[in-house]
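First up is the structure itself, then whatever we jot down about it.
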2 protein chains.
Amino acid sequence: MKTVTIIDVAKRAGVSKSTVSQYLNGRYEYMGADTRERIKQAVEELGYRPNTIARSLKKKKTKTIGVILANILYSFSTKVIRAIEDVCNREGYQVIICNADDNPSKEKWYIEMLLAKQVDGIIAIPTKSNIDLYRKLKERNYPLVFVDRYIDGLDISTMMLHNEKAAKMCVDELTDNGYERIAMLTMEPISITPRFERIQGYKKALEDKGLKATEDYIASAPLKEMQTRLKELMALKQPPQAIIAINDLSFMQLLTFVKENKLEVPGDLAIIGIDDISFADLFDPPLTTIAQPAFDIGREAAAALIQKINNRYVMDADIRRFEPRLIRRASSTKS
Amino acid sequence: MKTVTIIDVAKRAGVSKSTVSQYLNGRYEYMGADTRERIKQAVEELGYRPNTIARSLKKKKTKTIGVILANILYSFSTKVIRAIEDVCNREGYQVIICNADDNPSKEKWYIEMLLAKQVDGIIAIPTKSNIDLYRKLKERNYPLVFVDRYIDGLDISTMMLHNEKAAKMCVDELTDNGYERIAMLTMEPISITPRFERIQGYKKALEDKGLKATEDYIASAPLKEMQTRLKELMALKQPPQAIIAINDLSFMQLLTFVKENKLEVPGDLAIIGIDDISFADLFDPPLTTIAQPAFDIGREAAAALIQKINNRYVMDADIRRFEPRLIRRASSTKS
DNA sequence: ATATTTTAGTAAACCGATTTACTAAAACAA
DNA sequence: TTGTTTTAGTAAATCGGTTTACTAAAATAT
């Protein structure tokens, strides 16, 4: 299988490869109309497709970006990726995806792979551990955008939910419906940005309402231990009347708990989940959730990255906050 | 930002770039131990990373594969991608993903992009429309693996569910529980492989049980019209006692219908869905489903592709069938 | 001591494009 | 007619590696 190169086209059209290259890049002013036509013919007849690798080598642009995230199985990540891919596709970029599994060494390996591959930019949901590496990239003005998580002191454009507001919406919805003992259920670790901020928002919102946020009511656990953690929470002398699940996975755990313990929602316990889940409408009762605009976030991240790639000048690094949206259903209403 | 090249390393180590290249490729027999050490030093001190693009150009291997699928938002696709990425990562390959949205011209565009980028192979959930393009690839012995869908007369390795068996499992489970009037709910178009085969399997299984498969009971519709289609189905003189949803999206529609019409499951209507959905356990009643081993399918697809990439010789193109698994829950039991 | 082999390395061609500097011929101006 | 500009193109360098063919010096064999 001999591949067709620019030289084959040049020969068939009876011109030099320089001219073919000009043709391929649309600089028709370097050739006559007849020549242009002959090249066009030759390209078609030979079924010629330029070798992007060779082009990239010379141009120092690969028209490819890398996306590093924890796990594409998380629905937030899936949506973000989809949005990124849409934007990139439209702009002629291709997307290499990397599941770093929140594993810093895997993340590092991927970053280096992507750089070796000369990708034009990277979008990441970063771990905190490779801060030095990211800092180095930032210093050499390498196009970089973060999503969902913020790394302190790094000053890199980040697209994320207004997490405090999201938590506040939950609290307000519950207090508006007369609930006062409101707990929060979270996965561990609680140090990553969205969890940290949501917990902050939860505390502040309670205080705003004149309620005190007791540490007892912040139930954190790894996923597998969440059932027992919930049991403890509900066994308190003053068990909560309502629980906010910090993300979709915690919410699933909460639903499992509710189901296994035959709790009536919202009678025995009101619940709200951050992250809209596909079956919120189908659950009995329908579940109140906070939706986050994952597609918008992905779209804006891609758009920002491509801007950075195109404009050589440094852009202001900033945090863009996206608005959460309360979807009120029956699980949080007055009992 | 001047990038460090092999020449910089060569200079600093006081050798030719050929020798550095040998070093980078682990062919240490071409140099003395001291030289080897000096190069190692130089690489470290300069923080040198070989440019993969340049290497790819010469080696004609990019260590990259492309994956073309309909939409990464479908949970089957997400799982397949994740499994592919895992395998590829382990083998040093990177993955470019392409959402073709079942749009043949988008699919074609992506295939050509990937080829221009010289990816070493492609995994696709193909549409039928680019059969000529795929045939051409197959002829030039280009590494190619299909997932989920089969294209007739193309003889390309394909990894897919044993769809007929999956449908049969549904029918058998329902008949075992005493149901006889069993309908099937499917999205349109019904021509794509999994849907086609599942419908076939449904018909055969009914016949095996001595039940006749009436066309009335095969309810197909695009997603948005599925509610009205279901209404029609249940308005038949002899409405079905049970419905099999052909995939997760149809199943969601069915659940919505059940909920809105306050049907009792399985009392008024027994239901089973092909594709295990995340909340099957949480629904009331818990939902019987057929799970398909999406991770295995992705893993095997990636493994097969990499084999094809490595071995130059032609492999037997074949269809590998994966086993469906019935997860029996309450929605299909005797009423 | 000489011939042969091994060791340690190098120079140059190459992968397939882009880009720069240059030019012959034609067109135009004075 | 001569000088200048424009048109239409080309040759060669380049991107950053890999690979092949070759060689000087050292080690070994005879």
Side-chain angles (χ1 to χ4, degrees), chain A residues 1-40 42-43 46-64 92 112-113 115-120, chain B residues 1-40 42-43 46-64 92 112-113 115-120:
Chain A
M1 191 51 221
K2 67 272 146 208
T3 55
V4 181
T5 75
I6 198 171
I7 296 193
D8 302 316
V9 176
K11 274 192 194 133
R12 175 174 271 249
V15 295
S16 74
K17 63 180 188 156
S18 320
T19 304
V20 177
S21 177
Q22 304 290 16
Y23 169 85
L24 294 173
N25 289 280
R27 290 187 288 268
Y28 303 126
E29 64 273 23
Y30 289 106
M31 69 203 72
D34 51 331
T35 305
R36 176 173 167 183
E37 187 55 33
R38 279 203 326 279
I39 297 177
K40 183 165 174 245
V43 166
L46 295 171
Y48 169 70
R49 297 276 143 198
N51 179 325
T52 311
I53 293 291
R55 173 177 293 174
S56 295
L57 178 59
K58 180 69 207 225
K59 285 204 171 172
K60 292 165 170 287
K61 294 246 165 245
T62 53
K63 282 284 188 173
T64 307
E112 284 175 350
M113 252 321 209
L115 294 177
K117 253 193 177 120
Q118 316 293 119
V119 298
D120 296 340
Chain B
M1 193 47 222
K2 68 273 148 209
T3 55
V4 181
T5 74
I6 197 171
I7 294 192
D8 301 315
V9 175
K11 276 194 193 129
R12 175 174 270 249
V15 294
S16 74
K17 62 176 189 159
S18 320
T19 305
V20 177
S21 176
Q22 304 290 18
Y23 169 84
L24 294 173
N25 288 280
R27 290 187 287 268
Y28 302 126
E29 65 272 24
Y30 290 105
M31 69 204 71
D34 52 332
T35 305
R36 175 173 165 183
E37 187 56 32
R38 280 203 324 281
I39 296 177
K40 182 165 173 247
V43 165
L46 295 171
Y48 170 70
R49 297 275 143 198
N51 179 325
T52 311
I53 294 293
R55 174 177 293 173
S56 295
L57 179 58
K58 180 68 204 218
K59 284 204 171 173
K60 292 164 169 288
K61 294 247 165 243
T62 53
K63 281 284 185 174
T64 307
E112 284 174 351
M113 253 322 208
L115 294 177
K117 245 185 186 128
Q118 317 293 119
V119 299
D120 296 340

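Because the structure is predicted, anything quoted here is derived from the model rather than measured. First the proteins, then the strands, lettered A, B, ... as listed; each starts at 1. Every heavy atom of this structure was used, including side-chain atoms; hydrogens, water molecules and symmetry mates were not.
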Query raised in the report: Taking the side chain as C-beta and beyond, is there a heavy-atom pair between B/Met31 and B/Ile39 under 4.5 Å?
Result: yes
Query raised in the report: What's the verdict on side-chain contact (heavy atoms from CB on, under 4.5 Å) for A/Asn51 and A/Thr5, showing C-alpha distance, side-chain angles and the deciding distance?
Result: CA-CA 8 Å; A/Asn51 179 325; A/Thr5 75; over 6 Å; no
In this structure, how many angstroms lie between the [atom2] atom of [N] and the [atom1] atom of [X], rounded?
X	N	atom1	atom2	result
A/Lys60	D/dG17	NZ	P	9 Å
B/Arg49	D/dG16	CZ	P	17 Å
B/Lys59	D/dT18	NZ	P	6 Å
B/Asn51	D/dC15	CG	P	12 Å

When rounded to the nearest 0.5 angstrom, what is the spacing between [atom1] in [X] and [atom2] in [Y]?
X	Y	atom1	atom2	answer
A/Leu115	B/Arg49	CG	CZ	9.5 Å
B/Arg55	B/Leu24	CZ	CG	6.5 Å
A/Arg36	A/Arg38	CZ	CZ	13.5 Å
B/Thr52	A/Met113	OG1	CE	7.0 Å

Closest contact, heavy atoms only, [X] versus [Y]:
X	Y	result
A/Gln118	A/Thr62	O-OG1, 2.8 Å
A/Val15	A/Val20	CG2-CG2, 3.7 Å
B/Ser56	A/Ile53	CB-CG2, 4.1 Å

List in chain and number order the residues that pass side chain to side chain donor-acceptor pair (under 3.5 Å) with [X], two or more places apart in sequence or in another chain; answer none if no residue qualifies.
X	answer
A/Lys59	A/Asn25
B/Gln22	B/Arg27
A/Lys117	B/Thr64, B/Gln94
B/Thr35	none

**Report entry** Residues that B/Tyr28 engages under ring pair (Phe, Tyr, Trp, His ring centres under 6.0 Å), provided they are two or more places apart
**Finding:**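 So B/Tyr28 forms a ring pair (Phe, Tyr, Trp, His ring centres under 6.0 Å) with B/Tyr23.
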Sort me out a list of protein N/O and nucleotides 26-29 of chain D N/O pairs below 3.5 Å, or just none if empty.
none

Query raised in the report: What nucleic acid atoms does A/Tyr48 come within less than 4.0 Å of, heavy atoms only: base, sugar-phosphate, or nothing?
Result: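 Sugar-phosphate contact only - A/Tyr48 comes under 4.0 Å of backbone atoms but never of a base.
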Query raised in the report: Which of residues 25-40 of chain A have a heavy atom under 4.0 Å from DNA chain C?
Result: A/Asn25, A/Arg27
Query raised in the report: Applying side chain to side chain donor-acceptor pair (under 3.5 Å), which residue pairs with at least one partner in residues 10-19 of chain B are found, sequence neighbours left out?
Result: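 Every pair satisfying side chain to side chain donor-acceptor pair (under 3.5 Å) with a residue in residues 10-19 of chain B: B/Arg12-B/Glu45, B/Ser16-B/Thr19.
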Query raised in the report: Under a 4.0 Å heavy-atom cut-off, which of residues 10-22 of chain A touch DNA chain D?
Result: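 Heavy-atom contacts with DNA chain D come from A/Val15, A/Ser16, A/Ser18, A/Thr19.
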Query raised in the report: So how far off straight is the helix from C/dA1-D/dT30 to C/dA30-D/dT1, going by the axes through five pairs at either end, to 10°?
Result: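 The end-segment axes of the helix from C/dA1-D/dT30 to C/dA30-D/dT1 are tilted 50° relative to each other.
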Query - Opening and closing nucleotides of DNA chain C in contact with chain B, under 4.0 Å to non-hydrogen atoms - result: C/dA8 to C/dG16
